[in-house]
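Throughout, a chain's letter reflects where its sequence line sits, starting with A, and its residues are numbered from 1. No experiment lies behind these values; they were computed from the predicted model shown.
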There are 2 protein chains.
Amino acid sequence: MRLIRERADVLPVLTEVFRTHGYEGASLALISQHTGLGKGSLYNFFPGGKEEMAAAVLEGIDGWFHAHVFDPLRSHEDPRRGIEAMFEATDRYFHSGERVCIVGVFALSDVRDRFAARINAYFTAWRDALADALRRSGRDEASAANLAEEVVAGIQGALVAARALDDPGVFRRRIEWMQALI
Amino acid sequence: MRLIRERADVLPVLTEVFRTHGYEGASLALISQHTGLGKGSLYNFFPGGKEEMAAAVLEGIDGWFHAHVFDPLRSHEDPRRGIEAMFEATDRYFHSGERVCIVGVFALSDVRDRFAARINAYFTAWRDALADALRRSGRDEASAANLAEEVVAGIQGALVAARALDDPGVFRRRIEWMQALI
DNA sequence: GTCTATACTTTGATAGAC
DNA sequence: GTCTATCAAAGTATAGAC
């Protein structure tokens with residue numbers, strides 16, 4: 001019995017390394033150290049090397065958010081409950097602002113172009129799913145779209161500010177503020 | 001007559017390279033290429049190497065924001081005009097969302113610890129100067145502090161979202177939304 | 001599948017000629 | 001002050017033994 005038998009087992013560790021160090025900072029040596037796998041094994045799982053690892057990480061994140069955030073936003077009978085669930089999942093996922101958003105970090109760096117499609121898809125899906133829930137909760141199209149954009153951007157800003165000021169309280173207060181907007 | 005005679009002449013180019021490629025992505029080769037200076041010359045200006053270059057860039061940005069944003073926020077006779085000037089300067093500086101904020105990028109990366117003091121000082125100065133203007137414009141202490149935090153974080157979020165969605169319109173709309181909050 | 005060894009490139013930094 | 005040459009270290013990636 002081994003701890004790691006397939007790509008899916010490496011993914012969480014990989015995600016954490018990329019989140020902590022960014023794309024360029026996540027060296028293969030660091031990845032090898034954290035996963036406990038030699039470079040040969042890593043290339044066995046990811047023949048495309050580092051780029052394929054990062055792509056898998058982004059895909060995994062996208063999958064998680066679809067399952068726990070985007071889909072509930074769209075399918076919840078009571079749209080307000082879906083939005084509530086979104087804020088809870090977001091707070092949990094980002095450890096109340098102590099974690100950063102890899103997709104946001106990638107968007108700001110020069111690897112954005114390489115993963116542009118995935119990054120764009122993630123933010124678009126979030127914004128549109130939230131806008132849909134807001135419209136179903138009674139808002140007109142324009143107001144729903146605007147508020148959705150505001151909240152999606154606001155979460156990213158809360159993460160940046162919390163890290164910059166080294167104060168998770170910033171994240172908590174911004175989330176509460178946004179919840180009051182709904 | 002030379003194009004570059006002192007540190008101050010290199011700084012704008014340096015800033016642009018760090019903004020575009022981040023700390024790790026801004027290799028000396030890239031910097032040498034964009035400044036037109038050999039590595040020897042660069043180390044003549046910055047004996048501390050890349051870290052000193054990045055520190056100089058952050059200091060330059062801090063100086064610019066103090067002169068064009070923070071100080072006007074505090075000293076403008078009519079605080080609302082100071083806030084108006086802040087939004088205008090911000091929009092100009094970030095090229096309406098086409099540029100990113102180096103300080104924000106650094107805050108999200110793993111070089112944050114190395115420049116933590118400078119990063120924190122930049123965001124603290126912005127938030128506090130804005131809170132002061134809001135208080136002078138009639139808001140109570142708590143409301144001013146909260147709104148200042150919201151706007152400072154909101155600008156960062158607008159930059160992330162605009163880059164991620166590859167749509168400067170996002171930045172423009174978020175700025176307008178925040179202006180309406182004041 | 002996993003490891004070690006290795007190839008090859010790029011990195012930040014230094015030395016020294018001019 | 002500026003350049004070229006060079007260094008040691010770290011980077012990604014590959015090869016091949018087991």
Inset, instruction - Let me have a per-nucleotide readout for nucleotides 11-18 of chain D, 5' to 3', with B, S or -, counting only protein heavy atoms under 4.0 Å. - result: SBBB----

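Not one side-chain nitrogen or oxygen of Ser41(B) sits closer than 4.0 Å to the OP1 or OP2 atom of dG1(D).
Applying the salt bridge (Lys or Arg N to Asp or Glu O under 4.0 Å) definition to pairs two or more places apart or across chains, those involving residues 147-160 of chain A are Glu149(A)-Arg173(B), Glu149(A)-Arg174(B), Glu150(A)-Arg174(B). Pairs of residues two or more places apart, or lying in two chains, that qualify as side chain to side chain donor-acceptor pair (under 3.5 Å) and include a residue from residues 39-51 of chain B are Glu51(B)-Arg114(B). Residue pairs that meet the salt bridge (Lys or Arg N to Asp or Glu O under 4.0 Å) test with at least one member in residues 91-113 of chain A, sequence neighbours left out, are Glu16(A)-Arg99(A), Arg112(A)-Asp166(B).
Looking at residues two or more places apart in sequence or on another chain, you find a salt bridge (charged side-chain N to carboxylate O under 4.0 Å, His left out) between Glu52(A) and Arg7(A). With sequence neighbours excluded, the residues forming a salt bridge (charged side-chain N to carboxylate O under 4.0 Å, His left out) with Arg135(A) are Asp132(A), listed by chain and number.
Taking atom CG of residue Leu30(A) and atom C1' of nucleotide dA9(D), one finds them 16 Å apart after rounding to whole Å. The separation between His21(B) atom NE2 and dT11(C) atom P is 11 Å, rounded to whole Å. Put simply, CZ on Phe45(B) is 8 Å from P on dG1(D), counting in whole angstrom units. For the pair Leu42(A) CG and dT4(C) C1', the computed distance is 14 Å after rounding to whole Å.
Asn120(B) and Thr124(B) share a side-chain donor-acceptor pair at under 3.5 Å.
Among the nucleotides dG1(D), dT2(C), dC3(D), the one closest to the side chain of Asn44(B) is dG1(D).
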